[in-house]
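To start, the structure under review is shown below, and the notes come after it.
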Amino acid sequence: MTAPVFVVDHFGTDGAGRYVLDGPEGRHAVSVKRLRAGEGVVLTDGAGRWAEGEVAGTEGKDRLVVALGDVVEEPAESPRLTVVQALPKGDRGELAVETMTEVGVDAIVPWSAARCITQWKGERGLKSLAKWRATAREAGKQSRRVRFPEVAEVATTKQVVPLLAGAAFAAVLHESGTEPLATAELPASGDIVLVVGPEGGISPEELELFAQAGARPYRLGRSVLRTSTAGTAAAAVLLARTGRWS
């Protein structure tokens, strides 16, 4: 198994090149993972900077002492893939974020579509956004990523439009699409933006606004996927075709 990943705020070491991982991450490493001297770990800031290390020992139940190697920076992926995800019901939003993170999506934009049953407002909205961001972080660690996806503030339809207009390739998953996503001509660089609608579908008015911004409708396949799984399936198709999975 590849070395477990832990998130850090900095990579500062003592004079002997040792890093002390403490707090919740240190507690997880010592008391849950039960890491021991000689085992490998990866420390990352979640924004592309990371370093391999070897466990030198533990201190108590929440401090892991690591002999840290050189800090390197992983370049951002290209083309960059952003998924505009309509708000699903219940905990299906976290499922969508988790699986999209695992396949390699670079950014996720929660979208308050016209036909969304769930709406993020006030304190509930803040808690929901925090859950999405925490899910992206944990899924990033689980999938051994060192550059976690950005989870943006919830967006209205009007706020999604300029995102699509500025993309090198913009697509809307919709049954009206005559061309399959699997055969769409994709750019070698720039931004790819994919829109995933709610369970109730994307309204005609929203489709028209997106079309004016240059986003064409595409179909994914013959079956109908739930909004919580469609983004992950489509992202896998796109990432495989751009060569990022090669």
Side-chain angles (χ1 to χ4, degrees), residues 5-9 24-25 28 44-50 73-113 116-164 166-167 170-173 190-199 202 206 210 215 225-236 238-239 244:
V5 174
F6 298 95
V7 181
V8 298
D9 295 325
E25 292 289 87
H28 186 72
T44 180
D45 62 2
R49 299 182 71 226
W50 64 281
E73 183 159 1
E74 180 175 289
E77 296 279 8
S78 183
R80 174 182 167 88
L81 176 58
T82 296
V83 175
V84 176
Q85 172 66 59
L87 304 177
K89 295 182 295 184
D91 60 359
R92 288 188 174 275
E94 287 96 280
L95 172 63
V97 171
E98 179 180 46
T99 52
M100 285 193 289
T101 299
E102 290 173 355
V103 300
V105 169
D106 301 296
I108 300 167
V109 179
W111 172 35
S112 183
C116 282
I117 295 175
T118 298
Q119 295 292 333
W120 287 3
K121 296 181 179 179
E123 188 66 26
R124 177 183 178 182
L126 294 175
K127 289 181 178 179
S128 297
L129 178 59
K131 284 183 180 179
W132 279 36
R133 287 175 170 169
T135 299
R137 172 187 167 111
E138 292 307 310
K141 291 165 56 179
Q142 179 65 36
S143 56
R144 308 301 195 263
R145 289 182 62 168
V146 296
R147 189 180 289 276
F148 302 161
E150 302 169 14
V151 179
E153 299 282 339
V154 63
T156 63
T157 297
K158 289 184 178 180
Q159 290 170 327
V160 171
V161 168
L163 188 64
L164 299 174
V172 181
L173 293 184
D191 292 325
I192 293 176
V193 181
L194 176 73
V195 177
V196 180
E199 299 291 354
I202 301 174
E206 289 168 331
F210 294 162
L225 279 69
R226 301 198 70 158
T227 185
S228 54
T229 54
T232 300
L238 294 171
L239 291 169
R244 282 182 49 175

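Values reported hereafter were calculated over all heavy atoms of this structure, with side chains retained and with hydrogens, waters and symmetry mates removed.
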Could Arg145 and Glu77 be called an ion pair, given the rule that one side-chain N must be under 4.0 Å from one carboxylate O?
no
Apply side-chain contact (heavy atoms from CB on, under 4.5 Å) to [X] and list each qualifying residue two or more places apart in sequence or on a separate chain.
X: Arg133; answer: Leu129, Val151, Glu153
X: Ala155; answer: Val109, Gln159, Val160
X: Lys131; answer: Glu94
X: Arg92; answer: Pro88, Leu95, Arg226, Ser228

Can you list the residues that meet the side-chain hydrogen bond (donor to acceptor under 3.5 Å, both in side chains) rule with [X], with sequence neighbours excluded?
X: Glu150; answer: Arg80
X: Thr227; answer: Gln85
X: Trp111; answer: Thr157
X: Thr118; answer: none

Residue pairs, two or more places apart or on separate chains, that pass salt bridge (Lys or Arg N to Asp or Glu O under 4.0 Å) and touch residues 116-126:
none
Who passes salt bridge (Lys or Arg N to Asp or Glu O under 4.0 Å) against Glu74, sequence neighbours left out?
none
Among pairs that include at least one residue of residues 86-109, which meet ring-ring contact (aromatic ring centres under 6.0 Å, His included), considering only residues two or more places apart or in two chains?
none
Enumerate the residue pairs fulfilling side-chain hydrogen bond (donor to acceptor under 3.5 Å, both in side chains) with a member in residues 96-105, sequence neighbours excluded, ordered by first and then second residue.
Thr99-Thr232
